[in-house]
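Worksheet: the structure to be examined is printed underneath.
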Amino acid sequence: MVNQSTSEELVSINPATGQEVRRIATTSINELNDVVERATHAFRHSGWKDLLPHRRAAVLRAIATGLDAEKEHLATLQMCDNGKPLSECRGMVEYAVGAFNYYASVCETLQTDVTPPRGDYVSFTVLEPFGVVAAITPWNSPIMNDATKVAPALAAGNAVILKPSEDSPLLSPELARIARTAGLPENMLQVVQGRGAEIGSALVAHAGVDMISFTGGTDTGRAIARVAGDRLVPVALELGGKSPHIVFADADREHAVAAVAAGIFGSSGQSCVAGSRLFIEEHVYDVVLNQVVERAKRIVVAAPDEVGVEVGPLASFHHRDRVQAFVERARAEGGRILCGGHAPRGGPYDKGAYYMPTVVEGLHPESQTCQEEAFGPVLVAIPFRGEADLIAKANGTAFGLACGIWTESFKRAWRIGRALDAGSVWVNTYKQSVTTTPFGGFKNSGLGREKGIEGLRLYCQVKSMFFGLHDSPLPIAK
Ligand code: NAD
């Protein structure tokens, strides 16, 4: 238990207008102690973990229905909170609905193993929840990231304490409200608010937290893993990326160029799987790069609720400053800016945290620009000659989250896909991330897999059970 207290408010600012949306009270450290105590009590005594799986599934489905019924409200709220285009926000609410429905189905169909006996007993496994799960999420896709953790953690029978980012605090309380209305027992899902360095670090260090599930930056993930290591509690980490997007000369050029642009500029590049390093086969480098730059210049950067918007503002003004500094460093490292490289000016642009889609070339693959995550609309282009050169360069970062490969050769796609350090490989497509397929990173991009059936097992511990069938008493020595 920790005893200092802080009192403060978080202010949600609409990054499209600079105007205040809402104020949210932060959770003090003393209040956190109460939250954890209530979660522990609910886990042990609410009956949730003891419900038959199909009964838990029914509540999860009711949560999905509740989210769906409030889709427009939730999408608009997220748009105001983090500036993503309204159509994308609607898609994220749909994703959350799908996650609750999917984990309802997994919850009531998941089977465990009868294991081969080596004696007079029947042996099998059962899955048990951990207890109180701390779920910590970033600001880029709040409702989607929250649902990705909360749906399977609840399905497994855990109580969840959700801590959203201080930059996007508005969606998590709505999810908790909808879950409660849908029939989730009281305190099985609670929300704490505040800064990562204060309430976030107090939450992961709290003795009442039995498992930690984190999505966010690699440095934060490393700090959380240290605490989890000391406490010996399991931790799942979904971290950053610097994903390679690869175009071979034989690729379907029209589709490849469109996907490269969507892969980095969609969501203003604020996506962990953004394809931020573009590798183009040397002899088509100029022509492909030129097409990507032309597409980037045509992107409609506008207010997130404007018809036809492709890219809205960045999620906050301070994040835009970070992206601007990233581009300045690219310039200082000798990068040539082929388009973008500045905030747009005039009219509504002057009020919001907008930044133009930016393409940079001429940098060494080991430069900081090519190594570090911008988490913004900044693409670096790098030529390659042959598969060995490509694999060395593409694998030459600390990250390993995702990659895209554009080629008409099935065999080449297979070779390269197997050789790259990446948790997700997209061949002739990009950024397909669905609730039914495991997702996570190699290397510094994370530990563990969310989504899919593995995403439910993540929140369970395996218990092995033996039922003896012996005809005679067990001997002391065999
Ligand atoms: P962040 O690491 O700064 O913060 C993420 C969350 O952790 C926030 O809720 C924050 O308050 C909290 N936090 C910060 N310090 C903490 C601490 N010491 N202890 C406990 N909690 C703490 O990341 P961000 O800026 O919000 O998000 C951007 C990062 O998230 C990028 O690196 C991006 O790649 C990554 N991300 C990864 C995925 C994925 O699935 N792999 C998805 C989205 C975003």
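Order of appearance sets the numbers: ligands from 1, and atoms from 1 within every ligand. Along the sequence shown, the residues carry numbers beginning at 1.
Judged as a ring-ring contact (aromatic ring centres under 6.0 Å, His included), and not counting sequence neighbours, the contacts of Trp139 are His319, Phe375. Here Lys351 pairs with nothing under the salt bridge (Lys or Arg N to Asp or Glu O under 4.0 Å) rule; sequence neighbours left out. With sequence neighbours excluded, the residues satisfying side chain to side chain donor-acceptor pair (under 3.5 Å) with Glu70 are Arg177.
Ligand 1 is surrounded by Ile136, Thr137, Pro138, Trp139, Asn140, Lys163, Pro164, Ser165, Glu166, Gly196, Gly200, Ser201, Phe214, Thr215, Gly216, Gly217, Thr220, Ile224, Glu238, Leu239, Gly240, Cys272, Glu373, Phe375, Leu401, Phe439, each with at least one heavy atom closer than 4.0 Å.
Under the 4.0 Å criterion applied to side-chain N and carboxylate O atoms, Glu20 and Arg23 are assigned as salt-bridge partners. Salt bridge status for Glu372 with Lys242: absent, with no side-chain N to carboxylate O gap under 4.0 Å.
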- Does the side-chain hydrogen bond (donor to acceptor under 3.5 Å, both in side chains) test come out yes or no for Glu174 and His73, once each step is laid out? CA-CA 10 Å; Glu174 300 291 300; His73 159 66; 2.8 Å; yes
